[in-house]
Every structure is written in structure tokens, then in C-alpha cells.
**Q** 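Got a structure for you, written out below as C-alpha cells; questions coming shortly.
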Amino acid sequence: MSTRRLFLRQLGTAGAAAVVASNARGLSAPAAAGLAGWNEQPIQTAEATSEPMPPEHPVAAIQDTETPEQRDARMAWWREARFGMFIHWGLYSIPAGTWNGKQIPGIGEWIMNTASIPVADYKALAPKFNPTGFNAHDIVALAKAAGMKYIVITSKHHDGFAMYDSKANDFNIVAATPFNRDPIKELAEECRNQGIKLGFYHSQDQDWTAPGGAALKTGDHQPPTYHWDKAQDGNFQQYLETKAIPQLKELLANYGDYPAVIWFDTPTPDMTPQLASQIVSVLNQYPKLIWNNRLGGGYKGDTETPEQFIPAQGYPGRDWESCMTMNDTWGYKSYDKNFKSTETLLRNLIDIASKGGNYLLNVGPDSHGVVPLEEVVRLRQMGKWLDVNGEAIYGTQPTLFGAEAGSFSDTEKDKDGKPKFIPAWDWRSTTKADKVYIQIFKWPASGTLHLDKMTRRVTGAYLLADSARKPLKFNQTGDSIDVQLPAKALDPIATVLVLNASKVGAIPPS
Ligand code: FHN
């Protein structure tokens, strides 16, 4: 084996070992929310992914066998999209963060685990679940109004409750509740009507109500299984073969051209390469499908999935998607009102686009199936900005300006104990073949925006929010440019400056 191949293999093992170690340590529910999540380390570095991994998996996945051109074609809509809606919705929206009169810390959808709720008691929520306020048309319309291009909804979260009509297991919204409707089917129809992609989150590994399903640790739950109820004990392989895989097959077969994405989550050491390959055999029957890096068993999937953070330089050479909450929970919690501002959410989207990633922003409908008003308001505000400025986000390429501007803190440390990088929040940039966009957060007091390392020849400048497209004066010398801006920002969150500047004929840096 060549040195390089050996190096790649070692990297793969180290990445897998990091995941295994963090799972074996066990995660608190807040950790599982991504604050110190299992997936903070990308499994592959850009260096390691610049050459395809040899298909050494028990079953080769599509990523192992397709050509770069095939991959580009498969990923095209997703790369263009940049902004999607994550929906965490299930039985946990009934307790909404409170159990037996006590507010349970951590994320809402983890309440069964965090509060050690016995299986029978949790299952008893199902007959109470009647979310008649759910309206697929309105949710899809909300995603569209927000400028989102795809939706990923929890078809089954770690509690094992299927939010669709499953014949494989009757702990599901059609068989076990008075609601008797299939929201996934309704969403699929609406997504088709309103022209937006739909993907399914599927907790393939953790399942707290099915015998043999895995559980990550919270509280005093004991190894090796971290179960808290005998009813959870069983055989993982059997769970996989009798529930997770049959349900995955249903999800892939029963909703027409959807899912466009399968979003796996929290792989544990139980998911061996052999077991994961059984899932891959199923996925391989759907050659257009996109799936993330959380299957387990050493499969790296299509996308890196940083959770609740934006990687400082993105993942060069890898597709990636930052998933984030608007408050501090994915599943609805009635008393979590710690919502980020629209300014933060929008600047996150811009920051992510400038590094070549997608933003998967979560909503958590309540037990009536209604999206909380705070989330609706923020999404609509984001959509208004995108109506005007979307050209600077969708289908763009990352910044030309290299490493993110900022400085290392004298006082704060990062998770490795090194000085923390504090990004400057003055502006960000995205590009297209013939344009450079500068999303200005902090309007320059001097009225002039100065940029260094502008490696394309600029032939015109204007503000995207100016319907008259009034040309702005500028002066470019070598690779530095000064643009004269109007006295005031056109948008307090981000005003987009467009520089007409073709990729062809780039200026060598001085
Ligand atoms: O444990 C889950 C959590 O509940 C939530 O679904 C997030 C979303 O990315 N994923 C896991 C934690 O990484």
C-alpha cells in the first residue's frame, strides 16, 4: 500500500476513533445539541478528501464509485440552495420540556432520555397526540417565504416514534394516535406543489422505545447500553433489521420523488461497518439521494454536518451544512424563549455562504403542529432580506478574500486550549463567475469601503438594494480597491455591494 493510502487510512481510523471515544464517554443532552457534540471533528480533512477514498467498505457507497462529474450533477441543487429548514417535531412536543411538573434541562426532544421516562409512560403520549393545527401548505409556504430551498423533517427521532404511516412498526402517528394523518405525505405533496425539495431525518441508531435500539448516555444511565428501562434491552442488529432498515425502505419508497436527502444522526459504536453496509445497500438503489456523514460504520456520506457552529474556514473540498437552532432546543420547549435575533440568523447565513456551506435552520412545531410565532417572525424577516439580496447567496461560490478576517483573543481559549479566533464582523463576501458580492455589516464611517486582495478587475459597482442600480465610484490600484458608498446603509443587517468583476483576467496579488 502506498504511503499516501496508508496515511488516508490512518486518518479515517483516527476520525472514527474520535467518534467512538466521544460516544463511549457519553454525551449530555446539551452536548448532543451540538454544544460539544460528537461531530465537532470533521471525519476527513480537505487534504484527505482531495483524492477519493478507496472503496474499502463492505459495500461501496455511491461516493466511492461515482465520477467527480456525476457527483457535481447529484449535488447541484443542494449546492445552489444554501438555505434549508430543519423540522424537529414529534411526541416530545407534548411535554414540551416539562415532566411530572418539573422543568427538564437540555434539549426538548431528549426529554425521554434526560428524565429517564419509562418506555410505557412515553408511549402513553401517543394517544394524546392530535396536532390538528398542522398545515403542510402553511409550513411549506413559510419555508418558501423565508427563502429556504429545502426542508428536512424528523421522520423518526431517537424516541422511536415515526411521524408517518409505517407498516413496519405501529408506534407511529397514523396507527397510534387519534390524528390518523401522515404529515410526511402531506408535506411531500405540498413540497411538490410549491416546488421545494424534501428530505427525511431518520434516527437509524438511537431508538429508545424499540428493544435493542441504542442510547447515548445522559445522567446516571449505566454502560454498556445506557438504557434506563428493561424494555429497551435487546439486540442491536435485530433492531436494525426489524425496524430501522424496514422503515428506511418505506421512507425511500413511499413518497414519490422524495426524499431528496436522508439525514442520519448520532452513530454509535454499535453501527459497525458491516451493519452500516446493509443500510448502504438500500441507499444505493436511489442514485440521486444525498445523505450526510452521520450513518456510522466509517461511511463519510456526502456532507459534513457541523452542529450549532460555523467552521472558521468551512471544509474545503467537502460539501457541508451547519445545522442550528433559533433558541436552545430542536424539539419544542414551551419555556425556551432564548431566541437569536434576525440579525444573528441572517449574518450566520451570509457567513456560511461566504465559506461555501449551507444553513439548515431549525423550527420546532408545538403539539398542535404549529410553528412558534417567534420562529415565524424571524423566518419572514430573513425572507424579506433574501427577496432583495438572494442573488448574493444562492448558487454562489466562497469568498475570494482568503482566510476570515479577525484576530486571536488574548483572554478566551478555544476547545483545544489555544487562543480563540474571534472573527471580525465588518463584512463577508461571496462570488459568481462575473461578480463579487460584499455583504457589509458595519457601514464604514468614512463613507469609503477599502478592500485588499481584490484579485479581479472591477468594471462596475452598485448596491443590490438600490433598484436604480446607481453606479458607485471606485478606484482600483493593483489588487486594492476603494468604493465610495452612500452616507447610510440601505439595510441595517447587511447591505450588499455588487462588484462587476469577471473571473477571467484575475490580477496577480501585489
Ligand atoms: O441528538 C440529536 C439532537 O436531538 C438533534 O436531532 C441534533 C440535530 O443535528 N442531532 C443530534 C445531536 O447531534
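All ligand and atom numbering here is 1-based and tracks the order in the structure.
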**Q** Please work out, at 4.0 Å between heavy atoms, whether the side chain, the backbone, both, or neither of His88 comes within that distance of ligand 1.
**A**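 Looking at His88 and ligand 1, just side chain atoms fall under 4.0 Å.
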
**Q** Please, which pairs that meet salt bridge (charged side-chain N to carboxylate O under 4.0 Å, His left out) have at least one residue in residues 75-88, sequence neighbours excluded?
**A**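 Pairs touching residues 75-88 that pass the test: Asp72-Arg79, Arg79-Asp319.
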
**Q** Going by the atom numbers of ligand 1, which of them fall below 4.0 Å from some non-hydrogen atom of Cys323?
**A**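 This gives 9 (O) as the contact atoms.
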
**Q** Ligand 1 versus Thr266, non-hydrogen atoms closer than 4.0 Å: side chain, backbone, both, neither?
**A**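 For Thr266, the contact with ligand 1 is made by the side chain alone.
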
**Q** Mind checking salt bridge (charged side-chain N to carboxylate O under 4.0 Å, His left out) for Lys123 and listing every partner two or more places apart, or none if nothing turns up?
**A**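 None.
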
**Q** Taking N or O atoms only and a 3.5 Å limit, does Trp330 qualify as a polar contact for ligand 1?
**A**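 The answer is no, given that Trp330 and ligand 1 share no N or O pair closer than 3.5 Å.
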
**Q** Near Glu109, which atoms of ligand 1 are under 4.0 Å from a heavy atom of that residue?
**A**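 Going through ligand 1 atom by atom, the ones under 4.0 Å from Glu109 are 3 (C), 4 (O), 5 (C).
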
**Q** Taking only heavy atoms of His157, which atoms of ligand 1 are found under 4.0 Å from at least one of them?
**A**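 Near His157, the atoms of ligand 1 are 3 (C), 4 (O), 5 (C), 6 (O).
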
**Q** Determine, considering heavy atoms only, which of Gln308, Glu321, His158 sits nearest to atom 1 (O) of ligand 1.
**A**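 Closest candidate by heavy-atom distance is His158.
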
**Q** What part of Trp263, side chain from CB on, backbone N/CA/C/O, both or neither, has a heavy atom under 4.0 Å from ligand 1?
**A**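 Near ligand 1, Trp263 shows its side chain, while the N, CA, C and O stay back.
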
**Q** Can you check whether Asp265 has an N/O within less than 3.5 Å of an N/O in ligand 1?
**A**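 Yes; at least one N/O pair falls below 3.5 Å.
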
**Q** Answer yes if the ring centres of Trp330 and Trp89 are under 6.0 angstrom apart, and no otherwise.
**A**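 Not under 6.0 Å, so no.
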
**Q** May I ask you to establish whether Lys149 and Phe83 are in a cation-pi arrangement, using a distance under 6.0 Å from NZ or CZ to the six-membered ring centre and at most 45° from the ring axis?
**A**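 Pair Lys149/Phe83 does not count as cation-pi.
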
**Q** Taking the six-membered ring for Trp and the single ring otherwise, decide whether the centroids of His221 and His227 are under 6.0 Å apart.
**A**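 Aromatic pair excluded; centres sit 6.0 Å or further apart.
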
**Q** Can you tell me if Asp265 and Tyr201 form a side-chain donor-acceptor pair at under 3.5 Å?
**A**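 Distance-only check passes for Asp265 and Tyr201.
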
**Q** Give the numbers and elements of all ligand 1 atoms closer than 4.0 Å to a heavy atom of Tyr201.
**A**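 Heavy-atom distances to Tyr201 below 4.0 Å select 6 (O).
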
**Q** What I want to find out is whether Asp165 reaches Arg181 closely enough, with some N-O distance under 4.0 Å, to be called a salt bridge.
**A**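 Looking at Arg181 together with Asp165, the answer is no, because their closest N to O distance does not fall below 4.0 Å.
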
**Q** Heavy-atom count check: over 12 atoms from other residues, nucleotides or ligands less than 6.0 Å from Lys288 NZ?
**A**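 It does not: Lys288 NZ has 12 such atoms or fewer within range.
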
**Q** Decide whether the shortest distance between a heavy atom of Arg294 and an atom of ligand 1 is less than 4.0 Å.
**A**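 Distance cut 4.0 Å: Arg294 passes for ligand 1.
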
